[in-house]
Amino acid sequence: MPRAGLAERLQREGLLPRRQEATAGGTAEGAEPPGCGELRAGDAGKELALRGWVQRRRDHGGLLFVDLRDRTGLVQLVFNSEGDRELFALAESLRSEYVIAVRGKVLRRDPDQRNPALKTGEIEIQVAHLEILNRSKTPPFYIEDGLHVDENLRLRYRYLDLRRPENYRRLALRHRAVKLIRDYLDGCGFLEIETPALTRSTPEGARDYLVPSRSSPGSFYALPQSPQLFKQLLMVGGVERYFQIARCFRDEDLRADRQPEFTQIDIEASFMERERLFAIMEGMMALLYSGLLGYELPRPFLRLTYREAMERYGTDKPDLRFGMELIDCSEPARESEFKVFRSALEAGGAVKALRAPGKGGYSRRELDELVALAVGWGAGGLAWLIREEQGWRSPIAKFFSPALLEKIGELAGAVPGDLLLFAAGDRSLCNEVLGRMRLHLAPESLPAEPHFLWVVDFPLFEYDPLEKRLTPAHHPFTAPREEDLPLLESEPLAVRSQAYDLVLNGVELGSGSNRIHRREIQWRIFRELGISEDEAMEKFSFLLEALEYGAPPHGGIALGLDRLVALFTGDESIRQVIAFPKTAAGSCLLTGAPAEVAPQQLQELGLSIKSALKDGGPDR
RNA sequence: GGAGCUGUGGUGUAGCGGUUAACAUGCCGGCCUGUCACGCCGGAGAUCGCGGGUUCAAUUCCCGUCAGCUCCGCCA
């Protein structure tokens with residue numbers, strides 16, 4: 001996917017048709033007249049009516065031009081003082097963003113008056129009638145593309161921001177993506193089904209947004225972090241193939257790619273092999289790429305096990321647009337005199353290396369910065385070797401025989417000018433640190449083609465050192481791999497799950513798994529997670545019970561729609577592709593949410609606010 | 001919870017321990033019949049985010065705070 005400008009990619013004719021033929025069951029409204037931006041030389045001579053906003057006014061005294069904008073683009077209106085005096089006077093009163101309706105004639109412009117920068121530049125509208133539908137205050141920023149304005153201001157006046165053509169295109173592209181997805185999944189036999197937004201809070205996972213109940217004072221609904229349990233219940237309900245463009249809510253700290261509410265393409269299927277689901281998802285991505293960008297996506301996608309991904313890239317979402325794979329140097333390191341390496345190996349750890357091509361010219365200071373970075377990421381240190389035309393430059397070279405250095409250099413594929421970085425110690429820590437370093441030292445320019453892959457065989461559990469207990473790596477309803485079941489109680493951290501992630505260019509687009517469909521297994525998992533029988537019954541009895549009534553084998557996936565759309569538009573932040581996004585602090589600058597509520601409302605809910613909370617102090 | 005960056009007319013920026021706080025654009029008024037980021041002339045518009053401190057003097061230095069952004073933790 002070329003990461004060219006949004007405008008360049010979206011302005012291609014036909015990508016975002018304004019009018020679709022009404023689909024079956026819809027109402028065909030007949031041919032709508034063209035919008036401002038759709039008029040062409042072929043329309044010359046037509047009398048027509050247009051409505052829109054005043055983009056800009058150019059007043060030449062006796063001659064006045066107005067650029068009229070609607071969602072289709074711009075067209076130039078002309079008013080001449082030699083015509084209707086009243087009309088001209090009204091036109092003189094126009095200002096930016098006034099909403100107007102005009103009637104007039106499409107005139108072909110003289111050749112020397114054409115504007116090739118404008119799609120409608122060969123024509124203009126000789127206005128015969130003008131009506132001001134609404135006046136406008138001067139907007140706080142320009143309504144035009146390529147704006148460089150404080151995001152604060154744009155969010156506060158989001159409705160003005162949305163008037164900018166590039167934002168209309170973003171919304172339109174999102175719409176097109178969702179429509180393609182709906183039609184595709186429909187064609188695959190999936191049913192779109194809504195699930196509750198008011199549900200119950202469950203342990204594990206992200207912090208819930210809570211909604212107090214009026215009829216049960218002291219009780220709360222939770223907004224769903226995902227429709228996970230409901231979609232499983234739909235499988236028990238015999239739906240077999242479900243999907244939903246589902247809003248999800250998580251009360252966690254935000255990032256450029258995380259909003260408190262976001263949208264998932266949520267999918268679940270019964271009796272479906274993992275490979276079949278992968279193929280369906282790959283088909284869906286291919287359709288999006290061809291439908292939105294005209295790019296034919298190579299399939300099938302690459303697969304890597306979690307273990308491979310960690311060993312080779314130091315992350316569970318590797319960016320495969322460049323190489324720089326991690327190299328296991330434990331064997332040659334064993335023969336060195338370097339104490340750090342030897343003791344790491346003796347303690348059962350590893351020595352791993354990262355080759356940074358052409359970075360051998362780094363100064364001592366730059367190298368020190370890399371070491372500091374690694375230490376900040378938890379490494380004990382970071383050793384480096386620089387391959388030179390003749391031999392090696394390194395503070396640790398003296399601990400290695402020349403033959404050993406050659407061996408390492410060969411293993412790493414080092415050529416003169418390369419920098420080799422080494423981490424020693426706990427194997428997974430080495431992988432993680434070098435994985436981060438790999439991204440830090442990634443090439444500036446990366447190939448434009450999308451690099452998809454499936455990461456499979458995630459571990460079932462992770463160990464939380466703070467709480468000293470197991471947590472689900474995916475979620476507690478993920479099925480373990482059958483062959484690893486015997487290890488569940490004896491060696492839980494070695495148990496692999498049937499969970500997987502879809503990764504694109506280093507971004508996790510979605511994750512899924514086959515679910516537990518037998519009650520007995522679900523019990524064992526809860527027990528391993530430290531969820532007591534009582535708690536499991538209290539919080540999940542409905543699920544456990546459902547599993548007892550012939551729950552079919554099932555599994556599914558959820559893809560982040562916002563991230564997906566942002567990839568297609570080339571935006572760094574998902575805020576760009578959400579109509580009304582929130583700030584990093586979770587507030588909506590447009591509406592002022594969240595806001596205090598009236599005492600009456602609190603009373604009805606049986607709530608009282610500890611006022612000291614607002615001052616940051618304890619309640620007294 | 002932690003770290004970093006940003007905050008100056010409507011907007012985007014410049015600036016500096018003492019300025020009449022500069023520039024562009026927008027806005028208002030005037031002139032202008034072929035512009036399209038129209039042009040020309042004139043004008044209005046800023047308690048320099050907020051609070052405190054240092055100083056003879058703070059928009060400038062220091063501390064705090066608020067808001068926005070980015071990252072770490074967090075996000076089954």
Side-chain angles (χ1 to χ4, degrees), chain A residues 55-68 74-83 88 92 95-97 107 109-118 120-122 124 126 137-157 160 202-208 224-226 228-229 248-260 262 373 376-378 436 439-440 458 460-462 464 466 469-478 497 499 508 511 513 525-526 529 531 558 560 572-573 575 581-587 589 615-616:
Chain A
Q55 175 72 24
R56 189 170 266 112
R57 184 188 55 139
R58 289 178 294 279
D59 185 350
H60 287 242
L63 189 65
L64 186 76
F65 300 102
V66 168
D67 289 339
L68 184 65
L74 291 179
V75 70
Q76 174 165 279
L77 311 179
V78 193
F79 298 88
N80 198 314
S81 60
E82 286 170 4
F88 193 79
E92 282 184 310
R95 294 293 181 273
S96 287
E97 298 308 311
L107 298 182
R109 298 196 202 179
D110 287 343
D112 59 326
Q113 291 168 7
R114 290 179 189 153
N115 182 0
L118 220 54
T120 58
E122 287 193 33
E124 61 193 6
Q126 183 76 53
K137 290 170 74 173
T138 302
F141 50 82
Y142 314 121
I143 310 300
E144 63 187 24
D145 285 349
L147 196 63
H148 185 63
V149 166
D150 189 34
E151 194 161 356
N152 221 326
L153 198 68
R154 284 176 40 206
L155 290 181
R156 180 155 159 240
Y157 295 97
L160 296 180
T202 53
E204 308 287 343
R207 197 176 292 116
D208 284 319
Q225 297 176 27
S226 82
Q228 182 60 37
L229 290 173
C248 304
F249 305 85
R250 294 179 190 174
D251 188 4
E252 296 292 345
D253 288 342
L254 307 176
R255 290 286 189 281
D257 61 354
R258 285 186 348 217
Q259 282 273 300
F262 61 99
L373 266 178
W377 294 332
R436 287 190 184 203
L439 291 179
H440 182 73
F458 272 76
L460 188 62
F461 300 115
E462 284 165 357
D464 182 341
L466 284 181
R469 64 185 187 90
L470 295 177
T471 58
H474 185 48
H475 59 52
F477 318 108
T478 303
S497 73
E508 180 199 315
S511 61
S513 65
I525 300 293
F526 280 156
L529 291 170
I531 297 174
E572 298 288 329
S573 165
R575 287 190 301 276
K582 293 182 175 58
T583 70
S587 63
L589 297 180
D615 310 325

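All values below come from the heavy atoms of this structure, side chains included, with hydrogens, waters and symmetry mates left out. Every chain is numbered from 1 and lettered A, B, ... according to where its sequence line falls, protein lines coming before strand lines.
B:rC56 and B:rG18 make up a base pair, with Watson-Crick or G-U wobble contacts both under 3.5 Å. Pairing for B:rG45 is absent, judged as Watson-Crick or G-U wobble with the two contacts each under 3.5 Å. Remark: B:rC50 base-pairs with B:rG64. Criterion, Watson-Crick or G-U wobble with two distances under 3.5 Å. Pairing for B:rG34 is absent, judged as Watson-Crick or G-U wobble with the two contacts each under 3.5 Å. The partner of B:rC75 is absent, by the rule that a Watson-Crick or G-U pair needs both atom distances under 3.5 Å. Base pairing of B:rG9 is not made with any nucleotide, judged by Watson-Crick or G-U wobble geometry with both donor-acceptor distances under 3.5 Å.
RNA chain B is contacted by both A:L153 and A:S96; A:L153 maps to the nucleotide lying nearer its 5′ end (nearest heavy atom per residue).
Rounded to whole Å, the distance from CG on A:D253 to C1' on B:rC72 is 11 Å. What separates CD of A:Q225 from C1' of B:rC74 is a distance of 13 Å, to the nearest Å.
As judged by a 4.0 angstrom heavy-atom cut-off over every strand, A:S81 is placed among the base-contacting residues. Within the 4.0 angstrom heavy-atom criterion, no nucleotide atom of any strand lies near A:T471. When heavy atoms are screened at a 4.0 angstrom cut-off, A:Q228 is found touching base atoms of the nucleic acid. Residue contacts shown for A:S587 are limited to sugar-phosphate atoms, with no base heavy atom under 4.0 Å away. Base engagement by A:Y142 is indicated by at least one non-hydrogen atom pair under 4.0 Å involving a base atom.
If you check distances only, the side chain of A:E124 does reach the base of B:rG34 with a donor-acceptor pair under 3.5 Å. Not a single donor-acceptor contact under 3.5 angstrom links the side-chain atoms of A:R250 to the base of B:rC75.
The C1' atoms of B:rC62 and B:rU19 are separated by 23 Å, rounded to the nearest whole Å. To the nearest whole angstrom, the two C1' atoms, one in B:rG53 and one in B:rC74, are 36 Å apart.
For B:rC28, the OP1/OP2 oxygens have a side-chain nitrogen or oxygen of A:R95 closer than 4.0 Å. For B:rG10, neither phosphate oxygen OP1 nor OP2 lies less than 4.0 angstrom from any side-chain nitrogen or oxygen of A:T138.
Where stacking is scored as ring centres under 5.5 Å apart with planes under 30°, A:F65 registers as stacked on the base of B:rU35.
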Inset, instruction - Do nucleotides 36-48 of chain B as a string where each nucleotide becomes B, S or -: B if the base has a protein heavy atom under 4.0 Å, S if just the sugar-phosphate does, - if no protein is that close. - result: BSB----------
Inset, instruction - Test side chain to side chain contact (heavy atoms under 4.5 Å, CB included) on A:H475 and A:T478 and set out the steps. - result: CA-CA 6 Å; A:H475 59 52; A:T478 303; 3.3 Å; yes
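A salt bridge links A:R58 and A:D67; the closest N-O separation between the charged side-chain nitrogens and carboxylate oxygens is under 4.0 Å.
By the neighbour-count criterion of 12 heavy atoms within 6.0 Å, atom CZ of A:R57 is densely surrounded, having more than that number from other residues, nucleotides or ligands.
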